[in-house]
S.K.: 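Please read through the structure below; I'll follow up with questions.
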Amino acid sequence: MDRQGRIIRPNSDLGSGRVKQYILSKGRKLTQITTFCPAVIGPGPTHIYLIEDRLLTMVDTGIPTGLAKQAFYYWRNQRIPPKVRDLSDQHSELELATGLKAAGYSLKDVELLLISHGHLDHFSMSRVVLEKSRARVMAHLLDTDEICNPWNMAKEWIMSRPKFLAMGVPLPSAQSSSAWGMSDFSLKVDQPIFEEGWLPMDGYQSKFIFVRHTPGHSPGGISLLVGEEDDREKILLGGDVLLHPITPHPDDLATYLNTLEGLERLKDVALVLPGHGSNIRDLKRRVAFLKRYHRHRLYLTYQACRRPRSVWEIATMPYYFDIPVNPCEFNPLAATEAMVHIRLLRQARGLHLSHTEKGVSYFQSSGEKFDQVYERAREIIGQRAPSFIDPLR
Ligand SMILES: [Fe+2]
Ligand SMILES: [Fe+2]
């Protein structure tokens with residue numbers, strides 16, 4: 001396998017639009033098409049993959065540019081850079097169609113659409129594909145609420161408001177937040193995935209795409225091992241579970257770290273192709289980095305709570321994130337990132353709820369050595385079976 005791949009079309013100055021192709025065993029092609037999604041305020045351009053199997057399989061579809069502008073800038077009251085504001089709302093759709101054409105396909109050729117996980121930046125452009133093709137849609141059962149329910153964004157917003165208030169996060173105005181309920185990008189999942197194994201395809205089983213359940217970034221996250229069983233150089237499509245240079249955001253840290261340990265044991269992975277950012281050439285090295293990174297963030301969190309702290313006080317501490325978080329601006333990802341570290345420390349009995357004040361919760365550390373607390377956290381991580389039902393949740 002050629003790990004470098006061949007660039008068919010370069011990126012624009014927005015960092016998207018690129019088409020890159022990899023040749024796998026028996027000359028089968030795997031194509032990566034990069035489509036617009038904002039960086040810094042968002043995860044950066046989304047990679048879409050096309051795999052030549054018995055059915056032409058597309059993995060993820062990206063986010064429409066109009067929705068990306070709304071979700072990352074307008075609904076959060078963030079300043080939008082002029083070059084993003086001036087983009088056509090159909091820019092990502094055009095990049096996908098142009099990218100497919102450059103690789104020798106068109107939207108109508110797609111026969112199977114596989115969603116790596118139920119986040120907007122991965123599935124919300126699917127209707128563009130489904131309007132032109134007769135593709136069947138597959139996704140893991142545990143993310144079907146996010147993908148299929150037209151009211152999911154509104155539901156998530158309503159449910160998250162009290163949580164953010166308890167974290168001490170400043171919320172955007174009610175007027176802008178009501179917009180979250182007004183967009184419907186849902187789609188029907190024709191066939192949910194609920195077990196690991198070779199991908200089922202219309203009464204036939206792929207011998208080229210193997211599905212791994214990799215929860216922790218989202219409950220129904222999947223990764224795909226691409227290559228025949230005896231290939232010594234396989235490609236892993238990691239969704240948002242393995243990213244570089246940004247670090248994936250865990251929705252449940254213990255489950256995420258357990259997933260990383262499972263991925264670390266995979267054999268014959270020559271290359272990881274992620275949902276955003278750069279390719280990962282050394283899987284074990286990236287996993288080792290991510291484990292160290294979260295251990296350090298647990299340590300910072302634990303040390304900061306020597307006196308009672310709210311989630312938002314932790315998230316806005318200097319050096320907690322590479323990019324300083326403005327304590328006065330709504331930033332849901334920064335808050336939930338701090339929250340998942342607090343949650344694992346609480347599960348390991350290293351932190352406890354000290355008190356609440358004006359509806360905001362404050363946490364305090366146990367006063368033990370951090371290594372003792374971390375040892376208990378490691379036990380919890382080890383108990384997280386990568387299965388559907390997490391008994392500790
Ligand atoms: Fe994601
Ligand atoms: Fe993503």
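Both counts, for ligands and for their atoms, begin at 1 and track the order of listing.
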S.K.: Name of the Asp240 N, O or S atom nearest the Fe ion (ligand 2)?
M.R.: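 In Asp240, the heteroatom (N, O or S) nearest the Fe ion (ligand 2) is OD2.
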S.K.: If you take the centroid of each ring, where Trp contributes its six-membered ring, are Tyr256 and His294 closer together than 6.0 Å?
M.R.: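 Ring centroids of His294 and Tyr256 are less than 6.0 Å from each other.
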S.K.: I'd like to know whether the aromatic ring centres of His276 and His122 sit less than 6.0 Å apart in this structure.
M.R.: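 Ring-ring flag for His276/His122: true, centres closer than 6.0 Å.
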S.K.: Checking side-chain polar atoms at under 3.5 Å, does Thr35 have a donor or acceptor matched by the opposite partner on Thr46?
M.R.: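 Short answer, no.
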S.K.: Is the distance between the Fe ion (ligand 2) and the nearest N/O/S atom of His117 smaller than 2.8 Å?
M.R.: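 Given the 2.8 Å cut-off, His117 does not count as a ligand of the Fe ion (ligand 2).
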S.K.: Where does the angle between the aromatic ring planes of His213 and His140 fall among parallel (under 30°), tilted (30 to 60°) and perpendicular (over 60°)?
M.R.: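 Answer is parallel, since the angle falls under 30°.
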S.K.: Quick test of your reading of the model: are Asp371 and Arg295 salt-bridged, counting only N-O distances below 4.0 Å?
M.R.: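 Between Arg295 and Asp371 there is a salt bridge, with a charged N closer than 4.0 Å to a carboxylate O.
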S.K.: Measuring to the Fe ion (ligand 2), does His119 have an N/O/S atom at a distance below 2.8 Å?
M.R.: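 False for His119.
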S.K.: Of all N, O or S atoms in Asp121, identify the one at the shortest distance from the Fe ion (ligand 2).
M.R.: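 That would be atom OD2.
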S.K.: So which N/O/S atom does His217 have closest to the Fe ion (ligand 1)?
M.R.: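 Going through the N, O and S atoms of His217 one by one, NE2 ends up nearest to the Fe ion (ligand 1).
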S.K.: With the Fe ion (ligand 2) at the centre, find the angle made by NE2 from His122 and NE2 from His276, to 10°.
M.R.: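 Reported to 10°, the angle equals 90°.
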